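Take a look at the structure set out below.
Excluded from the calculations below are hydrogen atoms, water molecules and symmetry mates; all remaining heavy atoms, backbone and side chain alike, are included. Remember, it's a predicted structure, so these values are computed and weren't measured experimentally.
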Amino acid sequence: MNSNTIGSNSTKNELLPKVKNTIAIASGKGGVGKSTVAVNLAVALAKAGASVGLLDADIYGPSIPLMLGINERPKIYKSAETMKMLPLENFGIKIMSIGFLVDNTAPVIWRGPMASGALKQFVTDVDWDELDYLIFDMPPGTGDIQLTLCQTIPLTGAVIVTTPQKVSLSDARKALNMFTRVNVPLLGVVENMSYFIAPDTGNVYDIFGTGGGEKLASETSTPFLGKIPIDPRIRVGGDKGIPIVFDLPDSNEAKIISQIAKNLAEQVNIRNINSSSNPKIEIILGDGD
Ligand SMILES: Nc1ncnc2c1ncn2[C@@H]1O[C@H](COP(=O)(O)OP(=O)(O)OP(=O)(O)O)[C@@H](O)[C@H]1O
Ligand SMILES: [Mg+2]
């Protein structure tokens, strides 16, 4: 097998030998909150004590620099044998984005092979060092380019973000199928913009419908990691470059997202135990399904 191809969940992460787990945050439909979820999960995992990196794989519309309030040219580290870029750091996580390297007012025009080449460089030419989790914020969609990206980066698994809306769910299902097709394990579904709690009355409004994410998860035997409400403070956190889990850790929304991060870590552990060489544990977990 080509070392750059994702084969199975037991594939050794040859491109990133010091990174324990690599997780793609993806969706079929655009604008459902992948970057918001990726940023907040990364910061929540770091707050829980893990070493975390975040790679903005959305090279067409990188939003991580804005969402994490950081945009500088990364330093280059040169030694006799290698030349590596050092990721930037903020909120306790290591960050790399194409937005740090290009003029953010100019559109970035990539052809498929260039796009996956650029992404691969972010994996190989960035000094990520030792990480428990490297999170990839993926571009929306399930076309050829996304597929190529999936095959370029060695992934422990993928998280699918969807809203409860039908059109988002149907695209989320396509994303699920894409990962399954390239043998990337599905770590879970996150339903974002699930409901809105009116601050004055406390009434709950299901703006985009209800229960769709859970249904999708159960129909596809994918773990359901949780629901995130629509809250202006989540949007403001993105716009001002301070994720809500960092800025307002005691808010209900930050607690919900931190719980989703814990659920994700648990799924990663289960996945790692399942794909380890311990047949006993594998049998026990297999029976429980
Ligand atoms: N739970 C939420 N409550 C309020 N606003 C949200 C929530 N989730 C995301 N948003 C807002 O919705 C918009 C889209 O979110 P985001 O950029 O994270 O989506 P995306 O899926 O990464 O988009 P793209 O497909 O363009 O990469 C942003 O303005 C973000 O702040
Ligand atoms: Mg995005």
Residue pairs fulfilling side-chain hydrogen bond (donor to acceptor under 3.5 Å, both in side chains) with at least one residue in residues 244-253, sequence neighbours excluded
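Of all non-adjacent pairs touching residues 244-253, those that pass side-chain hydrogen bond (donor to acceptor under 3.5 Å, both in side chains) are R233-E253, K240-D247.
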Filter on side-chain hydrogen bond (donor to acceptor under 3.5 Å, both in side chains), then keep only pairs touching residues 39-53, sequence neighbours left out; what's left?
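Residue pairs passing side-chain hydrogen bond (donor to acceptor under 3.5 Å, both in side chains), neighbours aside: S51-D132.
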Which heavy-atom pair separates [X] from [Y] by the least distance, and what is that distance?
X	Y	value
T142	A175	CG2-CA, 3.4 Å
L216	A172	CD2-CB, 3.7 Å
P243	V43	CG-CG2, 4.0 Å
I197	G202	CG2-O, 3.7 Å
I95	F100	O-CE1, 3.5 Å
A158	V184	N-CG1, 4.0 Å

Quick one: do K34 and S27 satisfy side-chain hydrogen bond (donor to acceptor under 3.5 Å, both in side chains)? Show the steps, please.
CA-CA 7 Å; K34 283 176 299 301; S27 73; 3.0 Å; yes
From [X] [atom1] over to [Y] [atom2], what is the distance, rounded to the nearest 0.5 angstrom?
X	Y	atom1	atom2	result
K94	L86	NZ	CG	8.5 Å
R173	I160	CZ	CD1	12.0 Å
L264	L187	CG	CG	6.0 Å
T124	K84	OG1	NZ	6.5 Å
L176	T162	CG	OG1	9.0 Å
T36	M193	OG1	CE	6.5 Å

Side-chain heavy atoms nearer than 4.5 Å, only ILVMFWY residues, links allowed to pass through others: does that put [X] and [Y] together?
X	Y	result
I244	I230	no
Y195	I234	yes
F196	V32	no
I76	I70	yes
V204	I207	no

Report yes if the side chains of [X] and [Y] come closer than 4.5 Å at any heavy-atom pair, otherwise no.
X	Y	answer
V123	F136	yes
D137	S35	yes
I135	I93	no
L68	L54	yes
P229	I256	yes

With Q267 as reference, evaluate L225, V159, L186 under the side chain to side chain contact (heavy atoms under 4.5 Å, CB included) test and give the passing residue.
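Answer to the side chain to side chain contact (heavy atoms under 4.5 Å, CB included) test with Q267 among L225, V159, L186: L225.
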Intermediate values then yes/no, side-chain contact (heavy atoms from CB on, under 4.5 Å), L101 and M85:
CA-CA 11 Å; L101 304 174; M85 264 189 290; 3.9 Å; yes
Donor-acceptor check, side chain of [X] to backbone of [Y], threshold 3.5 angstrom: yes or no?
X	Y	answer
T156	I23	no
T222	V189	no
W128	P87	no

Stepwise, does the side-chain contact (heavy atoms from CB on, under 4.5 Å) test hold for D56 with I98?
CA-CA 7 Å; D56 191 350; I98 195 79; 5.7 Å; no
K18/D129 salt bridge by N-O under 4.0 Å criterion:
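Between K18 and D129 there is a salt bridge, with a charged N closer than 4.0 Å to a carboxylate O.
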List for me each residue that meets ring-ring contact (aromatic ring centres under 6.0 Å, His included) alongside F91, sequence neighbours excluded, and say none if there are none.
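Partners of F91 under the ring-ring contact (aromatic ring centres under 6.0 Å, His included) test: F246.
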Assess whether side-chain contact (heavy atoms from CB on, under 4.5 Å) is satisfied between D171 and S168, documenting all intermediate values.
CA-CA 5 Å; D171 286 356; S168 168; 5.9 Å; no
Pairing donors with acceptors under 3.5 angstrom, does anything connect the side chains of N263 and Q259?
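Result is yes, a qualifying pair exists.
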